[in-house]
Amino acid sequence: MSILVILEQRAGVWNRMSFETLAAAAEMGRQLGQPVLAAVAGERAAVLAAEAAAYKIDTVFAVEHPLLARYTADAYTTALEQLIRRVNPELVLLPHTYRVRDFAPKLATRFGRVLVSDAIAHRIEDGRPVLVRQLFQGKLNADVRFASAPPNFASIQAGAYRADSLAPGAAAVESFAPDLAAGRIRTQPGEPFRESQRGVDLAAASIIVSVGRGIKEKDNIAVVEQLAQALGAELAASRPICDNGWLPMERQVGSSGQTVAPKLYLAVGISGAIQHLVGMKGSKTIVAINKDENAPIFEVADYGIVGDLFEVVPALVEEIRKAKG
Ligand SMILES: Cc1cc2nc3c(=O)[nH]c(=O)nc-3n(C[C@H](O)[C@H](O)[C@H](O)COP(=O)(O)OP(=O)(O)OC[C@H]3O[C@@H](n4cnc5c(N)ncnc54)[C@H](O)[C@@H]3O)c2cc1C
């Protein structure tokens with residue numbers, strides 16, 4: 001038995017959640033003594049499969065067919081169904097992306113299974129994986145055990161596992177050509193949606209200062225701007241700040257904004273709602289400044305400062321400037 005990871009790419013570019021999911025599979029594989037396999041379908045699949053083969057996994061399948069060039073749920077489901085029947089894995093893991101939400105329940109249904117969606121962690125009990133999912137906006141955690149025979153299906157939440165925990169290796173690359181017929185694909189993809197040109201690439205930033213509703217009003221944004229400047233950081237925000245138009249939407253971090261994983265993430269006056277956490281909890285070091293010692297952000301923070309941001313931030317700026325001389 002094995003664990004198969006379905007990696008995601010768009011227009012030949014990796015979705016980095018693919019590698020977080022691969023890291024989850026690698027950890028489970030080690031614990032269960034099972035090989036980890038991966039698959040990538042669509043544009044540039046062979047090139048991307050060769051890239052993914054640089055990790056310590058067994059085999060990467062390049063799922064190639066002209067009808068996979070543009071994503072459709074029908075073609076992806078059928079192609080991956082054929083691959084899964086051939087590989088016969090115990091578990092199929094997918095990154096919990098919008099695309100996976102679109103086709104993965106249908107893929108699981110082809111095997112009479114359900115998709116255990118948006119898992120945040122796992123442990124092994126009696127030689128079998130137990131997945132953890134959040135309920136009621138993160139207020140409760142539920143353990144999910146698979147009652148059905150393999151294959152079982154699960155998707156992994158953004159930021160739940162660290163892609164940089166993947167060990168280098170040299171996996172085999174295999175080409176897999178599914179049997180697809182144009183007549184069975186019921187949707188015709190249109191032109192891909194073009195996002196407006198982003199002035200800021202938060203995903204590439206190594207330091208982010210992120211501001212929340214604790215800042216109280218637009219004019220106060222200057223307070224955190226100074227901290228960002230002192231640290232050479234990008235400025236980001238929680239959703240209410242962008243909804244109010246105090247910072248542009250492209251700076252929003254969270255489930256309906258960007259997913260970031262900088263070396264340092266400073267959360268200033270942010271409570272730590274689950275929709276915000278999913279976008280930043282993959283950061284290497286998290287520092288939270290909040291006047292409420294019970295704010296949920298402190299549960300993910302490596303360093304917490306309980307205090308009024310209007311006192312703490314200027315003091316920090318002064319110390320950083322001094323330290324930089
Ligand atoms: C479908 C959906 C999608 C969503 N997507 C996102 C998303 O992508 N990103 C996102 O961020 N949110 C998102 N949200 C909203 C989310 O649920 C929260 O409402 C939001 O994250 C809260 O933002 P906040 O922490 O800035 O504000 P609040 O929750 O109001 O927290 C403000 C914090 O500031 C602290 N504070 C106040 N004054 C001070 C002070 N002087 N000094 C220090 N601390 C102070 C308070 O103690 C509090 O903890 C989404 C919600 C839904 C329903």
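Both ligands and their constituent atoms are indexed starting at 1 by order of listing.
- Applying the 4.5 Å side-chain rule to ILVMFWY residues, one finds L4, I6, L37, F61, L67, L68, Y71, Y76, L80, L83, I84, V87, V92, L94, V100, F103, L107, F111, L115, F153, F176, L180, I185 in the same cluster as V63.
- In summary, R10 and E43 do not engage in a salt bridge, as defined by a charged side-chain N under 4.0 Å from a carboxylate O.
- For ligand 1, the atoms closer than 4.0 angstrom to any heavy atom of G307 are 42 (N), 43 (C).
- None of V5, N152, L32 except one satisfies the side chain to side chain contact (heavy atoms under 4.5 Å, CB included) rule with L91; the exception is N152.
- A salt bridge links K106 with D74; the closest basic N to acidic carboxylate O contact falls under 4.0 Å.
- Each of L316, D302, L264 was checked for a side chain to side chain contact (heavy atoms under 4.5 Å, CB included) with V287, and the lone residue meeting it is L264.
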Working for side chain to side chain contact (heavy atoms under 4.5 Å, CB included), residues R101 and S155: CA-CA 9 Å; R101 280 170 236 197; S155 65; over 6 Å; no

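- Contact atoms of ligand 1 toward G254: 7 (C), 8 (O), 9 (N) (distance under 4.0 Å to a heavy atom of the residue).
- By the criterion of a heavy-atom distance under 4.0 Å, both the backbone and the side chain of S271 are placed next to ligand 1.
- With no hydrogens or angles considered, no side-chain donor-acceptor pair links Q258 and Q252 at under 3.5 Å.
- Side-chain contact check for V253 versus L202: some heavy-atom pair is nearer than 4.5 Å.
- Close contacts between ligand 1 and A273 involve ligand atoms 16 (C), 17 (O), 18 (C), 21 (O) [criterion: under 4.0 Å to a heavy atom].
- Close contacts between ligand 1 and G257 involve ligand atoms 8 (O) [criterion: under 4.0 Å to a heavy atom].
- Contact between A237 and ligand 1 is absent, with no heavy atom of the residue lying under 4.0 Å from the ligand.
- The atoms of ligand 1 that sit less than 4.0 Å from any heavy atom of F310 are 41 (N).
- Only the backbone of V253 comes within 4.0 Å of ligand 1, counting heavy atoms alone; no side-chain atom from C-beta on gets that close.
- Using a cutoff of 4.0 Å between basic side-chain nitrogens and carboxylate oxygens, D126 and R128 are not scored as salt-bridged.
- Nearest residue to atom 39 (C) of ligand 1 from R239, H276, K291 is K291 (criterion: closest heavy atom).
- Here atom 50 (C) of ligand 1 lies nearest to Q275 when heavy atoms of Q275, R213, E293 are compared.
- Heavy-atom contacts of D308 reach the following atoms of ligand 1: 40 (C), 41 (N), 42 (N) (cutoff under 4.0 Å).
- Residue contacts with ligand 1: G279 is excluded, as none of its non-hydrogen atoms falls under 4.0 Å.
- Taking a cut-off of under 4.0 Å to the non-hydrogen atoms of S256, the atoms of ligand 1 that pass are 3 (C), 4 (C), 5 (N), 6 (C), 7 (C), 8 (O).
- In summary, the atoms of ligand 1 found under 4.0 Å from a heavy atom of G212, numbered by their order in the structure, are 26 (O).
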